[in-house]
Amino acid sequence: MSVTHILEAKLDGESITITDPRDGGMVGTVRSAGAGEVADAVRRAGAAFTSWSRLPSEDRGAMVRHAAGLVAANAPELAELNSRETGRPTEEALEGVRAGVRTLLQFAELGPLHRGHSLRGAVDAADYTIPEPRGVVLALTPWNDPVATTAGLVGAALVTGNTVIHKPSERCPHLGARLGELLAQALPIDVIQTLLGGPPVGNALAEHPGIDLIAHVGSTLAGEQIARTAALTGSRVVRENGGNDPLIVDADVEPEWAAAQAALGAFANAGQLCTSVERIFVHEAIAAEFTDGLVREAERLHESDALGPLVDDALRLQVHGQVADSLSRGAIALCGGAIPPGPGSYYPPTVLTGCTTEMPVMSEETFGPVAPIQVVRGFEEGLELAARGRYGLTATVLTRSMENAQRAIAGLPVGTVKINAVFGGAPGGSAEPRGDSGSGYGYGPELLDEMTTTKVVHVGIAPRRDSWRSDSRPSDSRAAGLRTDEEH
């Protein structure tokens with residue numbers, strides 16, 4: 001049995017040993033950061049901030065562009081580390097690295113263009129805003145798409161003049177360390193630092209008063225804890241957390257096509273994506289054909305061995321626990337639904353029917369290759385059920401009705417609504433998750449706004465010495481009015 005063994009880090013430098021989830025083979029052991037290293041990293045990041053933040057933004061962009069080139073040149077090595085530590089198929093891991101390179105390049109170009117706004121005030125004055133870096137950014141990144149996610153958070157932080165402490169997931173520390181080395185090669189000393197470790201290291205960093213912003217992509221539980229911590233320290237928080245993303249299938253779409261979309265959304269990266277399809281509401285008019293098509297897609301994936309393993313046995317047991325609980329409540333597994341024999345933490349693509357909103361596969365994030373189906377009598381019912389729940393990350397609607405599409409866009413309380421495609425979107429899109437899925441812009445151009453704080457500037461004209469008269473000073477009533485405006 002393949003298990004990623006994580007020895008609990010208690011900030012005294014204990015080790016983290018990683019095994020390959022594909023076959024249980026040893027990947028390696030790294031040392032977790034100690035308490036002294038956490039404090040030293042924050043101190044050094046704070047010291048490096050002054051000179052880094054004062055560099056011209058074009059120079060910072062050029063260095064981030066150089067970092068992107070180093071990542072691109074070492075893409076095969078990074079992809080291999082990703083595959084060995086998380087089990088992600090090598091080609092998919094390689095595309096994740098390429099996406100990270102593209103993201104770094106985008107922020108290298110966007111950083112120098114990030115600017116404030118001119119304001120209309122008195123005709124003899126100048127009023128405008130200036131975006132300023134926040135300071136030391138803590139980037140806490142996940143294991144399921146580690147390079148691309150890190151590139152977004154780190155790239156946006158760096159080009160806006162912040163220094164960065166990056167703690168990669170304890171499930172892929174070798175990859176995180178190597179990525180950190182490559183990024184650091186392109187930057188001045190201490191502008192980016194990488195610390196390895198599990199939740200105790202992340203907690204110690206988040207609790208440090210020298211951290212100005214925490215950018216977190218990961219579980220809802222961890223994100224909520226970070227938000228509570230930041231409420232005491234005053235750190236800004238940007239977080240993208242779990243999701244329970246619905247798919248609504250209308251009666252007027254081609255069932256086989258809809259089934260292929262559902263399979264892509266539910267089974268990509270073995271269901272280990274925040275934006276995976278987690279619950280399916282299909283119109284009863286095409287439910288049978290859709291379900292048959294989805295089962296065929298799942299069986300094809302299973303027979304081709306195209307699906308990688310789950311990241312470790314702990315996650316596999318969690319996924320299977322939700323499936324088993326749902327089966328005990330009346331769901332039916334048309335395929336999958338059982339832990340397979342043999343090495344590795346594999347779980348088969350699973351299609352469940354007879355599901356209800358009370359079952360854990362419908363009400364909670366599963367984070368595995370599970371496609372639970374609930375048949376609905378009409379689009380209205382599917383929309384109403386899809387809008388329920390505590391998460392609000394993404395939702396997908398498959399329909400040929402513009403009316404239904406517009407109703408879904410207006411009625412789904414999520415950050416991203418996708419019509420007729422489970423994945424995809426134009427460059428530059430940026431959304432804020434809702435509910436327990438997080439807060440703030442975690443990607444796109446608006447992430448630059450999150451990484452900066454705004455200063456308002458008012459520049460008036462001082463009178464010449466020979467023209468000043470005491471009766472030309474502002475009246476008390478005018479000053480009082482200005483104070484009142486500011487207070488409101």
Side-chain angles (χ1 to χ4, degrees), residues 219-221 241-250 258-259 261-268 270-284 286-288 290-291 293-295 297-298 310 315-338 347-398 408 411-418 422 433-437:
S219 73
T220 294
L221 183 63
N241 297 153
N244 187 27
D245 302 343
L247 169 67
I248 306 173
V249 184
D250 206 353
Q261 284 287 309
L264 177 62
F267 304 141
Q272 300 171 115
L273 295 172
C274 298
T275 55
S276 292
V277 168
E278 295 271 343
R279 48 194 176 122
I280 300 170
F281 302 100
V282 59
H283 195 292
E284 61 183 0
I286 63 166
F290 169 83
T291 302
L294 183 53
V295 169
E297 290 286 336
L310 298 183
L315 180 59
R316 179 168 72 167
L317 291 174
Q318 176 183 321
V319 169
H320 183 63
Q322 288 193 5
V323 171
D325 190 342
S326 299
L327 292 174
S328 72
R329 296 169 185 250
I332 300 170
L334 299 182
C335 61
Y347 198 78
T350 298
V351 177
L352 303 178
T353 59
C355 297
T356 63
T357 54
E358 294 77 22
M359 296 177 181
V361 291
M362 296 292 282
S363 61
E364 296 296 330
E365 183 177 44
T366 303
F367 227 64
V370 179
I373 300 172
Q374 181 169 350
V375 178
V376 294
R377 289 164 295 185
F379 186 84
E380 296 80 3
E381 182 184 4
L383 181 58
E384 192 274 329
L385 293 174
R388 292 183 187 176
R390 63 191 183 99
Y391 297 100
L393 197 56
T394 72
T396 305
V397 178
L398 305 181
L412 290 167
V414 298
T416 302
V417 177
K418 294 168 285 186
V422 293
R434 316 288 174 85
D436 287 354
S437 290

Item to complete: Only pairs at least two apart or in different chains count here, so list each ring pair (Phe, Tyr, Trp, His ring centres under 6.0 Å) that has a residue in residues 358-385.
Response: Trp143-Phe367

Worksheet, complete the sentence: Across all chains, not counting sequence neighbours, the side-chain contact (heavy atoms from CB on, under 4.5 Å) partners of Pro360 are Gln322, Asp325, Ser326, Arg329

Discussion item. Can you give me the closest heavy-atom contact between Tyr391 and Gly242, atom names plus distance?
Written reply: CD2-O, 3.3 Å

Worksheet item: Quick one: does Thr350's side chain have a donor or acceptor within less than 3.5 Å of a partner on Gly337's backbone?
Response: yes

Response to the item:
Between Asp245 and Ser276, the two heavy atoms sitting closest are CB-O, 3.3 Å

Worksheet entry | side-chain contact (heavy atoms from CB on, under 4.5 Å) evaluation trace for Phe290 with Val375 | CA-CA 11 Å; Phe290 169 83; Val375 178; over 6 Å; no

Worksheet item: Which residues satisfy the side chain to side chain donor-acceptor pair (under 3.5 Å) test with Asn244, sequence neighbours excluded?
Response: none

Item to complete: Could you give me the CA-CA distance, side-chain angles and deciding distance for Leu247 and Leu398, then say whether side-chain contact (heavy atoms from CB on, under 4.5 Å) is met?
Response: CA-CA 8 Å; Leu247 169 67; Leu398 305 181; 3.7 Å; yes

Item to complete: Using side chain to side chain donor-acceptor pair (under 3.5 Å) as the criterion, list what pairs up with Glu381, not counting sequence neighbours.
Response: Arg377

Worksheet item: Going through the checks in order, is the side-chain contact (heavy atoms from CB on, under 4.5 Å) test met by Leu412 and Leu383?
Response: CA-CA 8 Å; Leu412 290 167; Leu383 181 58; 3.7 Å; yes

Discussion item. I need the Leu334 CG to Thr291 OG1 distance, nearest 0.5 Å.
Written reply: 7.0 Å

Worksheet item: Considering all heavy atoms of both residues, which atom of Gln261 and which atom of Val422 are nearest to each other, and what is their separation?
Response: OE1-N, 2.9 Å

Discussion item. Measuring from atom CG of Leu385 to atom CD1 of Ile248, what distance do you get when rounded to the nearest 0.5 angstrom?
Written reply: 9.0 Å

Item to complete: Tell me, please, which residues at least two apart from Glu297 pass side chain to side chain donor-acceptor pair (under 3.5 Å).
Response: Arg300

Practice prompt. State which residues pass side chain to side chain donor-acceptor pair (under 3.5 Å) with Arg388; sequence neighbours excluded, sorted by chain then number.
Written response: Glu384

Discussion item. Closer than 3.5 angstrom, by distance alone: can the side chain of Arg279 be matched with the main-chain N or O of Ala386 as a donor-acceptor pair?
Written reply: yes

Discussion item. Looking at every non-hydrogen atom in both residues, tell me the closest pair between Ala298 and Phe267 and how far apart they are.
Written reply: CB-CE1, 3.8 Å

Practice prompt. Hey, could you give me each pair passing salt bridge (charged side-chain N to carboxylate O under 4.0 Å, His left out) that has a residue in residues 358-373? Not counting sequence neighbours.
Written response: Glu364-Arg390

Practice prompt. Would you please name every residue forming a side-chain contact (heavy atoms from CB on, under 4.5 Å) with Pro433, sequence neighbours left out?
Written response: Leu393, Ser437

Item to complete: Kindly give the heavy-atom pair with the smallest separation between Ala262 and Ile280, and that separation in Å.
Response: CB-CD1, 4.1 Å

Worksheet entry | Chi angles and distances behind the side-chain contact (heavy atoms from CB on, under 4.5 Å) call for Asp436, Asn241 | CA-CA 7 Å; Asp436 287 354; Asn241 297 153; over 6 Å; no

Worksheet item: Of all residues at least two apart in sequence or in a different chain, which pass the side-chain contact (heavy atoms from CB on, under 4.5 Å) check with Val319?
Response: Leu310, Leu315, Tyr347, Thr366, Val370

Discussion item. Test your reading of the model: is there a side-chain donor-acceptor pair from Thr275 to the backbone of Leu273, 3.5 Å cut-off?
Written reply: no

Fill in: Under the side-chain contact (heavy atoms from CB on, under 4.5 Å) test, residues paired with Thr416 that sit two or more places apart
Thr394, Lys418, Ala431, Tyr443

Discussion item. How close do Pro372 and Val361 get, counting heavy atoms only, and between which atoms?
Written reply: CG-O, 3.6 Å

